[in-house]
Amino acid sequence: MLSNWHVLHTPRGTLGDVIVQPGPFDDNDVDRNGAGVLVRSHLGTAGDCAIARIEGRGIDRSVVELNVPIAHLGRVEQGDRVVKSGRTTDVTYGIVKRTDVLSKIDYGGNVGEQMIGGFEIGPDPERPGPGGEISMGGDSGSAWLISDEDGKATDVMAGLHFAGEGADNPEEHALACYAHAVFQKLEIALEPPAVAEILEAAPEGWDETFLGERIELPRLASTATADALEVNGSTVVPYTHFSLTMSQDRRMARFVAWNVDGAHLRKLSRNGLKFEFDARIDEGDQVGDDAYVDNKLDRGHLARRADLCWGPIAEARRANRESFLFTNITPQHQAFNQSSRGGLWGQLEDAIFEDARVAKLRLSVLAGPIFKKRDVPHRGILVPSDFWKLLAYVDEDTEDLRAKAYIVTQDNLLDDIEALALDDFRLFQVSLRELEERVHLELPAVLRRADDFSAGRTPEALSSKGERKAVREVRSRAELLG
């Protein structure tokens, strides 16, 4: 369902919300009017637009009362004739008066005034609307179609209706976002891509050449190789956009490696997705729901769900579902999520994208738990308290590969003093060699050469004894990139 941001989202809404049709203004029995889920939206110069996935309802692709399904997107010029069918004014006819219009509209709440791009439509004097109106409140989200000389609607959509005249401009007119801009911004199409195109475009697991230079998956150190679980003859288990290696002893991933195409991310809902076992692996080799029933343990994603949802829509949806397999989940106790450092932990990828010049907005990420003998026992498993993450990207200015490694921990890494189990978590940036020792992995040499510490981009810290260590504590977002 295509409509406006101010119809489907509003300042009070969020992605994943249930969309009802008819809406509360016409029928307040919202519990029975569910029609879908809000999956993407945009409010800005590209338009006032949103899209919902239809669930549990039938679909008629024809525009109501115009009886034509939209088959094409078109661009309008001044003088073009258009027609729409709206909830309030029904079928009305117009003539494009101005193109490339920027309209300032106050959306209220914490959104305030926004500049919306589009075109302006005036009444068609040959086909006047009811009371001279071509649109009124409630018509938002209507499709403006190009019409022929006889006023008949074609199958070409030119715009998405979002507003009419304001009090400061009494001359009757309507405002529409450009259809092509809306479709591009929401990353939608009138027809789904061919199955062959989807299959050909879907990568299998971690892409070693995603950043140009070949980055192989880490190898388990000799002390940990016997713990790797074999699945179909390999210790590497591939998924859509990520791969992982399982620990036999802990029944959870030792590490997960994934690629992030930031330029083609899709905002997909998690509604309806369930945590499930990977059918390729015995359930006894995975930590399932038994660990989470009637307690405050969280099911924590290792590879972030939002990071994996990119590419063609079918591929992104598959990655979305696979992110919920228990192989990508670790039990995280309440203190981890309540820690003041937890927010920074979740901001690592976002901070890289926003504050660094990342070539083509592409990241390669590795992460996992840090297994320790003193991890908290619970229902036959040990709950990790510490986690690590490594981010690699190509600097757009220098074209150099860069790597940064972080640990969120209760330990004081500067003085090697193990903290009490109730202490707050702290976030540290560490050298890749320091990371290797703690997680019992051998990282590829190409990443060690790109490490911030080895390249001298991050100064080593001093312990309380005056010793230099390739560790620094991160206390704020401004320090994430250092």
Side-chain angles (χ1 to χ4, degrees), residues 1-21 34-55 107 109-111 114 116-117 141 160 162 177-193 198 201-203 239-242 258-275 299-325 328 343 346-354 358 360-363 365:
M1 287 185 288
L2 175 64
S3 189
N4 302 119
W5 180 93
H6 78 264
V7 174
L8 299 185
H9 196 147
T10 79
R12 302 183 303 276
T14 185
L15 297 183
D17 282 350
V18 173
I19 301 301
V20 297
Q21 195 279 328
V37 174
L38 179 64
V39 291
R40 281 193 294 283
S41 66
H42 174 74
L43 185 64
T45 54
D48 173 352
C49 51
I51 192 82
R53 181 177 64 248
I54 297 174
E55 295 181 349
Y107 286 87
N110 60 357
V111 179
Q114 298 289 325
I116 311 298
L160 178 69
F162 70 94
C177 316
Y178 286 109
H180 63 87
V182 166
F183 274 62
Q184 183 178 9
K185 196 66 181 180
L186 294 178
E187 295 184 296
I188 56 176
L190 289 170
E191 296 291 341
I198 295 171
Y239 300 88
T240 304
H241 303 155
F242 69 106
W258 68 98
N259 307 115
V260 188
D261 186 347
H264 298 95
L265 286 172
R266 295 180 179 271
K267 294 182 179 179
L268 300 184
S269 169
R270 61 181 290 158
N271 282 14
L273 296 178
K274 299 179 180 179
F275 294 94
R299 301 170 183 85
H301 284 71
L302 288 174
R304 286 204 315 175
R305 182 185 71 88
D307 286 353
L308 303 174
C309 299
W310 53 268
I313 187 63
E315 181 181 319
R317 286 174 176 164
R318 185 167 63 249
N320 197 22
R321 292 193 304 271
E322 292 176 0
S323 75
F324 280 83
L325 294 174
N328 184 45
Q347 291 180 30
L348 287 175
E349 290 95 321
D350 296 338
I352 294 284
F353 279 141
E354 294 171 13
V358 180
K360 300 180 181 178
L361 294 178
R362 293 162 83 89
L363 284 176
V365 189

Q | Minimum-distance pair of heavy atoms, taken over all atoms of Ala263 and Leu361 | A | N-CB, 3.8 Å
(Q) For Pro11 versus Gly109, what's the shortest heavy-atom pair and its separation? (A) CB-CA, 4.3 Å
Q) To the nearest 0.5 Å, what is the distance between CD1 (Ile51) and CD1 (Ile188)? A) 4.0 Å
Q: Report the distance from atom CG of Asp17 to atom OG1 of Thr10, rounding to the nearest 0.5 Å.
A: 8.0 Å
(Q) Are more than 12 heavy atoms, taken from residues, nucleotides or ligands other than Glu55, located less than 6.0 Å from that residue's CD atom? (A) yes
Q: From the options Arg318, Arg317, Glu315, select the one residue that forms a side chain to side chain donor-acceptor pair (under 3.5 Å) with Thr240.
A: Arg318
Q) Can you tell me how far CG of Leu43 sits from NZ of Lys185, rounded to the nearest 0.5 angstrom? A) 11.0 Å
**Q.** Residue of the set Arg305, Arg270, Arg266 for which side chain to side chain donor-acceptor pair (under 3.5 Å) holds with Asn320
**A.** Arg305
Q. Backbone N or O of Asn259 within a donor-acceptor pair of the Trp310 side chain at under 3.5 Å?
A. yes
Q: Quick one: do Phe242 and Glu322 satisfy side chain to side chain contact (heavy atoms under 4.5 Å, CB included)? Show the steps, please.
A: CA-CA 9 Å; Phe242 69 106; Glu322 292 176 0; 4.2 Å; yes
Q.
Nearest 0.5 Å, please: how far is CG in Leu265 from CD in Glu187?
A. 8.5 Å
Q) Does Asp48 use its side chain to pair, donor to acceptor, with the backbone of Trp5 at less than 3.5 Å? A) yes
Q. What are the two closest heavy atoms between Gly16 and Ser269, and how far apart are they?
A. CA-OG, 3.6 Å
Q) Around His180, counting heavy atoms of other residues, nucleotides and ligands shown, do more than 12 lie under 6.0 Å from its NE2? A) yes
Q) Taking all atoms of both residues into account, what is the closest heavy-atom pair of Ala52 and Ile19, and its distance? A) CB-CG1, 3.9 Å
**Q.** Shortest non-hydrogen contact from Val182 toward Cys177
**A.** CG2-CB, 3.7 Å
Q. With a 4.5 Å heavy-atom cut-off, do Leu186 and Leu2 have their side chains touching?
A. yes
Q) What is the distance from atom NZ of Lys267 to atom CG of Leu38, rounded to the nearest 0.5 Å? A) 10.0 Å
Q) What pair of heavy atoms forms the shortest contact from Gly311 to Ala316, and how long is it? A) O-CB, 4.3 Å
Q: Using modelled atom types only, decide if a donor and an acceptor are shared between the side chain of His301 and the backbone of Ser323 within a distance under 3.5 Å.
A: yes
Q.
For Arg304, run the side-chain contact (heavy atoms from CB on, under 4.5 Å) check against Val365, Asp350, Asn328, Val260 and tell me which one passes.
A. Asp350
Q | Inter-residue atom distance Gln21.CD - Ser3.OG, 0.5 Å rounding | A | 10.0 Å
